[in-house]
Number of protein chains: 2
Amino acid sequence: MVQQEVLDRTFAALADPTRRQILVRLGQGPATIGELAEPFDMSLTGMKKHVHVLENAGLVTTEKVGRSRRCRLGAERLEDAMSWIRFYQRLWERRLDGLDAYFTLKKEDD
Amino acid sequence: MVQQEVLDRTFAALADPTRRQILVRLGQGPATIGELAEPFDMSLTGMKKHVHVLENAGLVTTEKVGRSRRCRLGAERLEDAMSWIRFYQRLWERRLDGLDAYFTLKKEDD
DNA sequence: CTCTTGCTGAACCATATGGTTCAGTGTACG
DNA sequence: CGTACACTGAACCATATGGTTCAGCAAGAG
């Protein structure tokens, strides 16, 4: 199972609509902080913070090029999020309905 | 595409390790607030807040039964989270590498 | 009816989040 | 060199989050 902190950071990064849009934008190719900030009418500083959160979650990688910073996708971590959800879904699909499941499980203990 | 706010709440709910464990616990059958709180050594009030967040995200449903509250899974929303990740992954998998993708896309515009 | 038990709501607290402004710093360009 | 531009860092602010305690309130047991 994936480290809890990694999942924390990944899901938290995905919980913001601005950051999800940044990911979609980067899906079309790399961009600088300024290019990312422009459509959101947000300060460079604000955008840099979002990018930093995504970078911390491993969803984005960045690199300084001249006086700009090139931001690119680094989406390996989505696999972690996805596989947690899948793991959880198996639990859920296997579940019976409400009370029934509870008593069925108890019965299986006998 | 799913409503942004729904995704916000779903991912935010999943971003907390305690809440993820609650979901796993409920995957084994329904439980009361007290039963959920016990293994975490947390106050009932604290646990109730977590359950409320999960309920708001549509990941859990609850029902008052006598003087306890029965909490059960309501995992439909995980589908939303999953399908967003899948959508995003298609973008990502289709992407070429870094700069190459950028120039390739520009070329296609001609 | 009374007592206990399980949950609830309000109030509070510390820290995190999402944003800003302003004053640098470093690189490109004339 | 000098100026402009893109980003960076520090300081600040409002609101949200994750937790607590304490005082109810409603349901079940005797």
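- In this structure, CZ on A:Arg9 lies 13.0 Å from CG on A:Leu14, to the nearest 0.5 angstrom.
- Legend: residues meeting side chain to side chain donor-acceptor pair (under 3.5 Å) with A:Glu55, ordered by chain and number and at least two apart, are A:Thr62.
- Of all nucleotides in DNA chain C, those with any atom nearer than 4.0 Å to a heavy atom of chain B start and finish, going 5' to 3', at C:dT4 to C:dA10.
- Along DNA chain C, the nucleotide nearest B:Arg69 and the nucleotide nearest A:Gly66 are compared for position; the residue whose nucleotide lies closer to the 5' end is B:Arg69.
- Looking at every heavy atom in both residues, B:Gly46 comes nearest to B:Ser43 through N-OG, 3.0 Å.
- Partners of B:Gln21 under the side chain to side chain contact (heavy atoms under 4.5 Å, CB included) rule, at least two apart in sequence or in another chain, are B:Phe40.
- Separation of atoms NE2 (B:His50) and CE (B:Met42) is listed at 4.0 Å; rounding is to 0.5 Å.
- A:Glu35 places its CD atom 13 Å from the C1' atom of D:dC7, with the value rounded to the nearest Å.
- Against DNA chain C, the stretch residues 38-52 of chain A makes heavy-atom approaches under 4.0 Å through A:Met42, A:Ser43, A:Thr45, A:Gly46, A:Lys49, A:His50.
- A donor-acceptor pair under 3.5 Å is formed between the side chain of A:Arg20 and the backbone N or O of B:Gln4.
- Under the side chain to side chain contact (heavy atoms under 4.5 Å, CB included) criterion, A:Ile33 pairs with A:Leu44, A:Met47, A:Lys48, A:Val51, A:Arg69, A:Cys71, sequence neighbours left out.
- With the nearest nucleotide of DNA chain C identified for both B:Thr32 and A:Ala12, B:Thr32 has the one nearer the 5' end.
- Close to D:dC25, at under 4.0 Å from its OP1 or OP2, lies no side-chain N or O of B:Arg67.
- For A:Thr32, there are no side chain to side chain donor-acceptor pair (under 3.5 Å) partners, not counting sequence neighbours.
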